Number of protein chains: 2
Amino acid sequence: MEANRQSRLEARARILKALGHASRLMIVEELADGEKCVAELTQTVGSDMSTVSKHLSLLKSVGLVQDRKEGTQVFYRLLAPCVLGFFQCVENVMDVQVQRQILLAK
Amino acid sequence: MEANRQSRLEARARILKALGHASRLMIVEELADGEKCVAELTQTVGSDMSTVSKHLSLLKSVGLVQDRKEGTQVFYRLLAPCVLGFFQCVENVMDVQVQRQILLAK
DNA sequence: GACATATTTGGTTATTTGGCCAAACTTGCA
DNA sequence: TGCAAGTTTGGCCAAATAACCAAATATGTC
């Protein structure tokens with residue numbers, strides 16, 4: 001029955017891994033304000049549109065975002081706003097880590 | 001000033017990426033109950049001890065855990081229990097995703 | 001149908017990751 | 001001093017990731 005725990009953790013990991021990339025975090029941050037199309041996101045992220053599209057499809061594949069077609073455009077929206085709550089904690093870890101490094105450097 | 005946003009997001013990503021692996025999530029889960037030594041964690045994770053040690057040093061490098069030497073053993077403890085709060089949200093995303101797949105299969 | 005716009009997909013390449021094994025530390029103890 | 005136990009580090013290899021470009025795929029318009 002350990003295989004159960006394993007696969008549960010792998011599923012969790014897939015979602016967290018999807019958030020483990022600066023561009024994808026930027027996308028999530030942008031979508032926090034409401035849905036945006038690929039071109040808009042490409043503009044802010046600054047990579048090739050194909051790259052951004054792949055990031056989006058990864059986020060979609062784990063269920064973090066949803067897409068909606070409108071004419072020739074595709075709008076993405078954040079399906080799990082609860083992830084925005086992660087950032088407070090993450091920011092905290094970052095700050096503590098910075099302090100730690102400063103102490104270490106002395 | 002966009003470089004600022006970029007590096008902030010990269011720092012965030014580093015932490016989330018550290019959580020994006022089943023073995024490391026297992027370690028975090030184990031450490032939620034209190035500190036454990038490498039041998040104990042190796043036991044539950046089931047990989048080579050060297051592998052577990054590397055996972056631990058990654059978690060440590062981003063500030064998620066802390067280590068403490070006691071004799072020949074090294075005990076690790078969770079430095080950021082707030083990450084445990086992520087799992088509720090992640091679990092939710094997982095459930096919704098499962099429903100989505102079921103609907104899609106019909 | 002032909003063309004333009006928006007997006008995705010496929011191919012290629014360079015980099016990173018995660019695993020194991022063996023070797024190197026480090027600490028405690030005979 | 002020398003051995004044993006616990007841990008980390010380095011080397012190596014296979015697989016996964018992320019980037020770009022070019023080509024394919026809608027969709028709307030003339």
Side-chain angles (χ1 to χ4, degrees), chain A residues 2-3 6-7 9-28 30-31 35-62 64-77 104, chain B residues 2-3 6-7 9-31 35-77 104:
Chain A
E2 268 310 315
Q6 187 62 22
S7 60
L9 289 175
E10 272 162 12
R12 278 191 191 174
R14 235 171 286 130
I15 292 167
L16 288 166
K17 191 150 73 169
L19 292 172
H21 189 285
S23 300
R24 291 193 293 267
L25 284 181
M26 192 176 287
I27 289 171
V28 167
E30 289 296 313
L31 295 185
E35 61 177 22
K36 297 228 164 51
C37 72
V38 183
E40 287 177 292
L41 293 168
T42 297
Q43 172 74 5
T44 42
V45 170
S47 309
D48 194 271
M49 182 180 277
S50 69
T51 302
V52 172
S53 173
K54 278 172 187 168
H55 283 312
L56 285 165
S57 99
L58 177 60
L59 288 172
K60 182 181 161 191
S61 76
V62 300
L64 284 170
V65 305
Q66 197 178 28
D67 61 343
R68 175 177 73 81
K69 208 162 284 186
E70 183 177 319
T72 74
Q73 307 185 73
V74 179
F75 289 88
Y76 281 84
R77 71 184 191 84
L104 233 145
Chain B
E2 269 310 317
Q6 187 62 22
S7 59
L9 289 174
E10 272 161 12
R12 277 191 191 174
R14 235 170 286 132
I15 293 167
L16 289 165
K17 189 149 75 169
L19 292 171
H21 189 285
S23 300
R24 291 193 294 266
L25 284 180
M26 192 176 288
I27 289 171
V28 167
E29 215 170 56
E30 289 296 313
L31 295 185
E35 60 176 24
K36 297 227 165 50
C37 71
V38 182
E40 287 176 292
L41 293 168
T42 297
Q43 172 74 5
T44 41
V45 170
S47 310
D48 194 271
M49 182 179 279
S50 68
T51 301
V52 173
S53 173
K54 278 172 187 168
H55 283 313
L56 285 165
S57 98
L58 177 60
L59 289 171
K60 182 182 160 191
S61 77
V62 300
L64 284 170
V65 305
Q66 197 178 28
D67 60 343
R68 175 177 74 81
K69 208 161 288 187
E70 183 177 321
T72 75
Q73 308 185 74
V74 179
F75 289 89
Y76 282 84
R77 70 185 194 82
L104 232 146

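Quick caveat, the model's predicted, so the values are computed rather than measured. By convention in this document, chain letters (A, B, ...) are assigned in the order of the sequence lines, proteins followed by strands, and residues within each chain are numbered from 1. Scope of the values below: all heavy atoms of this structure, side chains included, with no hydrogens, waters or symmetry mates.
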Counting any heavy atom closer than 4.0 Å, what does B:Ser57 reach on the DNA or RNA strands: base, sugar-phosphate only, or nothing? nothing
Tell me what A:Lys17 touches on the nucleic acid: a base, only sugar-phosphate, or nothing, going by heavy atoms under 4.0 Å. sugar-phosphate
Is B:Leu56 close to B:Leu41 at the side-chain level, that is, under 4.5 Å between some pair of heavy atoms? yes
Among C:dG19, D:dT7, D:dT8, the one nearest B:Cys37 by side-chain distance: D:dT7
Separation of atom CG in A:Leu59 from atom P in C:dT8, rounded to whole Å: 12 Å
Euclidean distance, atom CG of residue A:Asp48 to atom P of D:dT17 [Å, nearest integer]: 20 Å
Any side-chain N or O of A:Tyr76 less than 4.0 Å from the OP1 or OP2 oxygen of C:dA6? no
In whole angstroms, the gap separating P of D:dA5 from CD of B:Gln73 amounts to 13 Å
Which whole-number value in Å describes the distance from A:Met49 CE to D:dA18 C1'? 18 Å
When you get a sec, tell me which of D:dC20, D:dT8, D:dT27 is the closest nucleotide to the side chain of A:Lys69? D:dT27
Once you round it to whole Å, what is the distance between P of D:dT7 and CD1 of B:Ile27? 12 Å
Check every strand shown and say whether A:Phe75 touches a base, only sugar-phosphate, or nothing at a heavy-atom separation below 4.0 Å. nothing
What about B:Ser50, does its side chain sit under 3.5 Å from the base of C:dC21 through a donor-acceptor pair? yes
Which whole-number value in Å describes the distance from B:Leu56 CG to D:dG6 P? 16 Å
Let me know, please, whether A:Arg24 or B:Val74 comes out on the 5' side of the other along DNA chain D by nearest nucleotide. B:Val74
Does D:dT17 have its OP1 or OP2 closer than 4.0 Å to a side-chain nitrogen or oxygen of A:His55? no
Measure the spacing between CG of B:Leu16 and CD1 of A:Ile15 and express it to the nearest 0.5 Å. 12.5 Å
Kindly say whether B:Val38 contributes a backbone atom to a donor-acceptor pair with the side chain of B:Thr42 at under 3.5 angstrom? yes
Using whole Å, report how far NZ of B:Lys54 lies from P of D:dC12. 12 Å
Is there a donor-acceptor contact under 3.5 Å from the side chain of B:Lys60 to the main chain of B:Asp67? no
Taking C:dT27, D:dA19, D:dT7 as options, the one with an atom nearest any side-chain atom of B:Thr72 is C:dT27
Check: A:Glu40 and A:Thr44 side chains under 4.5 Å, non-hydrogen atoms: no
Please report, rounded to the nearest Å, how far the P atom of C:dT7 is from the CD atom of A:Glu40. 9 Å
